[in-house]
Amino acid sequence: MTVQSTEQLIGRLAAEVGASQRRPRMRSVARRLALAVSVSTLLVLLILLTLFTGGAHFGHGGRLTVLVSLGATLALASAASAAALALSRPEASRSALPVWVPAAIVLALGIAGELALVPRSEWFARMVGGSPLACFLSVFALSLPVLAGALWALRAGAPTHPRRSGALAGMLAGGVTAALYLLHCPGDSLLYTLAWHVPALLLIAGLGAALGPRVLRW
Amino acid sequence: MGKLTDHEQAWAAAMRAANRGCAQSYDRLLHEVAAALRVVTAQDFARRGLGTGDVEDVVQECLIAIHLKRHTWDEDRPFVPWVRAIAHHKMIDRMRARLRAREVALDGHVDTIAAPREPDRIPDAAIARYLGELPPGQRAVVTALALDGESVGTAARKLNMSAGAVRVAMHRGLAALALKLGKTS
């Protein structure tokens with residue numbers, strides 16, 4: 001390419017700016033992410049309500065274990081979305097604190113409380129629970145639309161650490177989906193959450209990290 | 001790179017004006033940024049022992065990226081680090097593409113490298129194949145403008161895109177094609 005063609009390119013880009021009505025703002029990426037997550041969340045909710053009818057829909061909402069799990073998953077989802085948005089600016093560097101720390105603290109405190117209250121002989125049974133594999137696979141599968149939505153939204157940004165951005169999209173998706181799934185299947189135990197939800201979450205974060213460099217190219 | 005930061009105030013002001021639709025400020029800004037990036041990129045390539053033949057391509061890719069991603073610059077933050085991050089991203093991209101091209105070139109073709117070359121003529125089949133590999137939007141635009149010889153306005157109306165979007169897609173499509181074709185020759 002030549003300097004002359006650069007001149008022409010600049011002329012065209014400037015003309016476009018002169019003609020544009022809306023002021024470009026970073027907020028547009030945030031808005032897109034909010035839209036993508038709400039639409040995909042609604043979809044997941046719809047799937048849960050129509051296909052996963054065997055569970056205890058919302059029935060056990062008040063239980064303490066559910067509240068702790070909800071707190072941890074939502075803490076993860078909100079931290080991940082904030083970090084993913086921050087990383088949509090090209091010059092952003094990785095944050096010092098990993099996004100999963102608050103969620104891990106909430107979950108660890110809850111588990112410590114559970115272990116203190118429940119006799120040792122019951123620990124294993126609580127961890128394995130009723131239908132562990134179904135839960136693991138469901139959380140993973142239901143995360144996929146949210147992951148797709150989050151990645152789509154992040155494409156509007158300019159991430160220069162696409163692997164990390166992809167992983168954050170995965171954590172956002174996993175956190176949101178795990179929270180929704182709790183409404184369908186409120187595990188009786190945080191050990192169960194640790195043993196089955198957390199691996200599903202790691203898997204979806206890993207998938208996001210693997211997809212990031214391809215999907216988030218610009 | 002110390003030179004870039006000297007422009008901080010002026011460039012940030014120009015970009016703020018551009019965000020409010022001032023084409024002249026944007027034109028001037030892009031000229032200055034292009035000139036600076038030309039120097040920085042050439043220095044960077046030279047420092048890594050790479051040829052500087054495609055510096056202008058990197059400059060253009062940076063300008064297009066600056067344009068398409070200008071909403072990711074927060075007006076309250078410094079402008080130069082933002083530009084530098086974009087330039088760095090594009091430079092790395094180009095280096096990776098070059099490495100890949102070099103691997104393809106050497107892989108199994110060592111015997112033919114020294115052979116006298118026919119004047120460059122790209123077979124139509126290759127063009128068709130690489131055209132097929134472009135994203136659908138770019139493919140449609142390149143086909144309409146370069147092969148069917150339509151005007152930007154016609155193509156824009158036909159493809160239901162803005163004229164600016166057609167131009168950007170054309171530019172990117174051609175750049176991608178050139179890159180792909182360059183790898184095979």
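Here is the naming used below: chain letters follow the sequence lines, and residue numbers restart at 1 for every chain. Atom set for the values below is all heavy atoms of this structure, side chains included, hydrogens, waters and symmetry mates excluded.
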Name the region of B:H88, side chain, backbone, both or neither, that has any atom closer than 4.5 Å to a heavy atom of chain A.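 Answer is neither: B:H88 stays 4.5 Å or more from chain A.
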Can you tell me which portion of B:R28 sits under 4.5 Å from chain A's heavy atoms? Options are side chain, backbone, both or neither.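 It is neither, since no heavy atom gets under 4.5 Å.
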Looking at A:R217 and B:D93, is any side-chain nitrogen of the basic one under 4.0 Å from a carboxylate oxygen of the acidic one? yes
Does a side-chain N-to-carboxylate-O contact under 4.0 Å join B:R70 and A:E16?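 The answer is no: the pair does not qualify as a salt bridge.
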In this structure, are over 12 heavy atoms from other groups packed under 6.0 Å from [X] atom [atom1]?
X	atom1	value
A:R214	CZ	no
A:R155	CZ	no
B:Q9	CD	no

Side-chain contact test, heavy atoms from C-beta onward, threshold under 4.5 Å: evaluate it for [X] versus [Y] and give yes or no.
X	Y	result
B:T72	A:P90	yes
A:W218	B:I86	yes
A:V17	B:D27	no
A:T6	B:R38	yes
B:H71	A:R23	no
A:R25	B:E75	no

Contact class of A:S5 relative to chain B, heavy atoms under 4.5 angstrom: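 Both backbone and side chain of A:S5 come within 4.5 Å of chain B.
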Under a 4.5 Å heavy-atom cut-off, does chain B meet the side chain of A:P162, its backbone, both or neither?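 Looking at A:P162, nothing touches chain B.
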Any idea which of B:R167, B:H89, B:Q24, B:K90 has the most non-hydrogen atom pairs under 4.5 angstrom with chain A?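 Max contact count across the listed options: B:H89.
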Identify which of B:V168, B:I64, B:L68 forms the greatest number of heavy-atom pairs closer than 4.5 Å to chain A. B:I64
What distance separates A:I10 CD1 from B:Q60 CD, expressed to the nearest 0.5 Å?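 Those atoms lie 8.5 Å apart.
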What distance do B:W73 atom CH2 and A:E91 atom CD have between them, rounded to the nearest 0.5 Å?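 Reported to 0.5 Å precision, the distance equals 10.5 Å.
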Considering only heavy atoms and a distance below 4.5 Å, find which of A:T2, A:T160, A:L9 pairs most often with chain B.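 Ranked by contacts with chain B, first place is A:L9.
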What residue, out of A:S20, A:G157, A:S28, has the most heavy-atom pairs lying under 4.5 Å from chain B?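 Counting heavy-atom pairs under 4.5 Å, the top option is A:G157.
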Where is the tightest heavy-atom contact between B:K69 and A:A156, given as atom of each residue plus distance?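 Closest approach of B:K69 to A:A156: NZ-O, 3.7 Å.
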